[in-house]
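For reference, the structure discussed in these notes is given below.
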Amino acid sequence: MYYTMEKETLPREALEQVQLRRLRDVCGRVYANVPFYRNRLEQCGITPADVTSLDVLRRLPFTEKQDLRDHYPYDLFAVPMENVVRIHASSGTTGKSIVAGYTRYDLDIWSEVMARSLCSAGVTRHDLVHVGYGYGLFTGGLGAHYGAELLGCTVIPASGGATKRQVHLMRDFRATVLCCTPSYALHLHDTGMELGIDMKKLPLRVGVFGAEPWSESMRADMENKMGLDALNIYGLSEITGPGVAMECLKAKQGMHIQEDFFLPEIIDPVSCEPLPPGSVGELVITTLTKEAMPLLRYRTRDLTSLDYTPCPCGRVFARITRIMGRSDDMLIIRGVNVFPQQIESLLMECEGITPHYQLVVSREGNLDALEVQVEFAEGTLDDADEVRKFQARERNIQKAIKEFLGVSAKVRLVAPRSIQRSEGKAVRIIDTREMT
Ligand code: ADP
Ligand code: ZN
């Protein structure tokens, strides 16, 4: 199912022509209107007239998160302020928040991007979409909202928070689609169970989950618990918001990046050299149509790879694999690189524990110490025998982490519901190293 069939199934050569035309256009606009880009392009010896093939992309300057922070709030805007109709800001997971501006046209494109995304998840105008992403400066809520409305769905703008009420609303309003972070979806599910409302028995059939990393094993768990197809959606405020890339229900394998709007590359994060399809590296995106805040070769810091092989769904757009982590989230424990999702995958294999976990990193003497705190499942710690079993389980997880990731961690099973739930992005890492 497509929202804009002719655009999503263009032959690649035709798509590349669209990309080239738009790339030249965006270079012209930033060259003329953004002093930062004019300087950078001049330093690279490029004028917009030089953009005669997509190969020129490799010669364009990168844009980094720090550049956005240095030009806070509006200095990278390429249009007069009177043309900017909306401001969003990133949730600030990794430092000072980053501002994004939108013209009317930018909002229209974003809605189209989200309508396409929902469509590829099999959502139609007959669906009732419960939006549990936060509404506000964070792009999740309003992004999903306008996309679902454009598609003609019935939108329930629940936003984040008031979790018990949300569960009641999902039941009463008979939502068929749930949009929120995967960790919040689990929280909604668990809260439902406490209230005697089983998501599996509701009409819910699709979950559009994103904004934070999650694992394939988490998908299996959620589909099983909640009785829905759990699909992955990716986006970031700097580029537009959710919908930059989205999985299709047909293949459920990798997220189609909407290449007619966002030109992707994968680079080696250290050498900055482009990497071939299939290699894991940092995702770099050039916005092709954005008016208010176009970005050239924006370094997302998200690690993934690109797959150009044809997808059974028929979309021409390349797919990015599940985000392995953001480079900011990579823990270096005694020299070993570890991403939270790797630990998550191992935890999900174990019986008797829940997907609620946190990694606490500290320094003991001169050495890094990693403690994995994970909640055990309700009703499994009743007698002394069970306690022994739990200790054995802790040791097993410890062993698996050592074996698969090569890092020594202390595993501590903690009581159900003792790890704080988040209404938006889950906090997976507590790093106390700077403070000691
Ligand atoms: P931030 O979290 O940096 O404050 P945003 O709210 O704009 O800002 O979030 C964008 C970031 O969220 C992405 O760069 C990426 O790291 C993460 N993200 C979004 N969607 C996904 C997803 N489906 N899988 C993994 N990570 C995601
Ligand atoms: Zn597909």
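Read the numbers this way: they start at 1 and go in the same order the structure lists the ligands and their atoms. Computed from heavy atoms alone, side chains included, the values below leave out hydrogens, waters and symmetry copies.
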Self-check item: Set of residues satisfying side-chain hydrogen bond (donor to acceptor under 3.5 Å, both in side chains) with respect to Glu149, sequence neighbours excluded
Solution: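 Expected list: His145.
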
Practice problem: Taking side chain to side chain contact (heavy atoms under 4.5 Å, CB included) as the test, write out the residues that go with Ser217, two or more places apart. | Solution: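 With neighbours one apart ignored, the set is Ser215, Ser345, Met348, Glu349.
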
Quiz prompt | Set of residues satisfying side chain to side chain contact (heavy atoms under 4.5 Å, CB included) with respect to Cys311, sequence neighbours excluded | solution =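 Partners of Cys311 under the side chain to side chain contact (heavy atoms under 4.5 Å, CB included) test: Cys248, Ala251, His256, Cys313, Arg319.
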
[X] contact mode with ligand 1 (heavy-atom cut-off under 4.0 Å):
X: Asn232; answer: side chain
X: Ile98; answer: neither
X: Glu212; answer: backbone

Quiz prompt | Option nearest atom 7 (O) of ligand 1 (shortest heavy-atom distance, choices Ser237, Gly235, Pro213) | solution =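 Nearest heavy atom to atom 7 (O) of ligand 1 lies in Ser237.
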
When you check the gap from the basic side-chain N to the acidic O, do [X] and [Y] get nearer than 4.0 Å?
X: Arg428; Y: Asp329; answer: no
X: Arg40; Y: Asp67; answer: yes
X: Arg299; Y: Glu64; answer: yes

Practice problem: Report yes or no: do Tyr184 and Thr163 form a side-chain donor-acceptor pair below 3.5 Å? | Solution: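 Side-chain D/A pair, Tyr184 to Thr163: present.
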
Which of the ligand 1 atoms, numbered from 1, are nearer than 4.0 Å to a heavy atom of [X]:
X: Phe138; result: 6 (O)
X: Ile233; result: 20 (N), 21 (C), 22 (C), 23 (N)
X: Leu236; result: 7 (O), 10 (C), 14 (O)

Quiz item: Hey, does Ala211 come in under 3.5 Å of ligand 1, counting only N/O atoms on both sides?
Solution: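 Checking ligand 1 against Ala211, an N or O pair does fall under 3.5 Å apart.
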
Exercise. Using distance alone, decide if ligand 1 has a nitrogen or oxygen within less than 3.5 Å of any nitrogen or oxygen in Gly210.
Key: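 Between Gly210 and ligand 1 (N or O atoms, distance only) the closest approach is not under 3.5 Å.
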
Quiz item: Between Thr176 and Leu204, is there a donor-acceptor pair closer than 3.5 Å when you use the side chain of the first and the backbone of the second?
Solution: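 Not at all, since once roles are kept as given, no pair shorter than 3.5 Å links the two residues.
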
Quiz item: Has the side chain of Arg125 got a donor or acceptor atom that lies under 3.5 Å from a matching backbone atom of Cys153?
Solution: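 No, the answer is negative, given that no donor and acceptor are paired below the 3.5 Å cut-off.
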
Quiz item: Take atom CZ in Arg12; do more than 12 heavy atoms of anything else shown fall under 6.0 Å from it?
Solution: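 Yes, CZ of Arg12 has more than 12 neighbouring heavy atoms, counting only those of other groups under 6.0 Å.
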
Practice problem: For atom NZ of Lys200, decide whether the heavy atoms of other residues, nucleotides or ligands shown that lie under 6.0 angstrom number more than 12. | Solution: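 Yes, because the 6.0 Å sphere around NZ of Lys200 holds more than 12 heavy atoms from other groups.
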
Exercise. For the Zn ion (ligand 2), check which protein N, O or S atoms are under 2.8 Å away and list them.
Key: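 Atoms qualifying: Cys248 SG, His256 NE2, Cys311 SG, Cys313 SG.
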
Quiz item: Below 4.0 Å from any atom of ligand 1, is there a heavy atom belonging to Arg301?
Solution: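 The answer is no: ligand 1 sits nowhere under 4.0 Å from a heavy atom of Arg301.
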
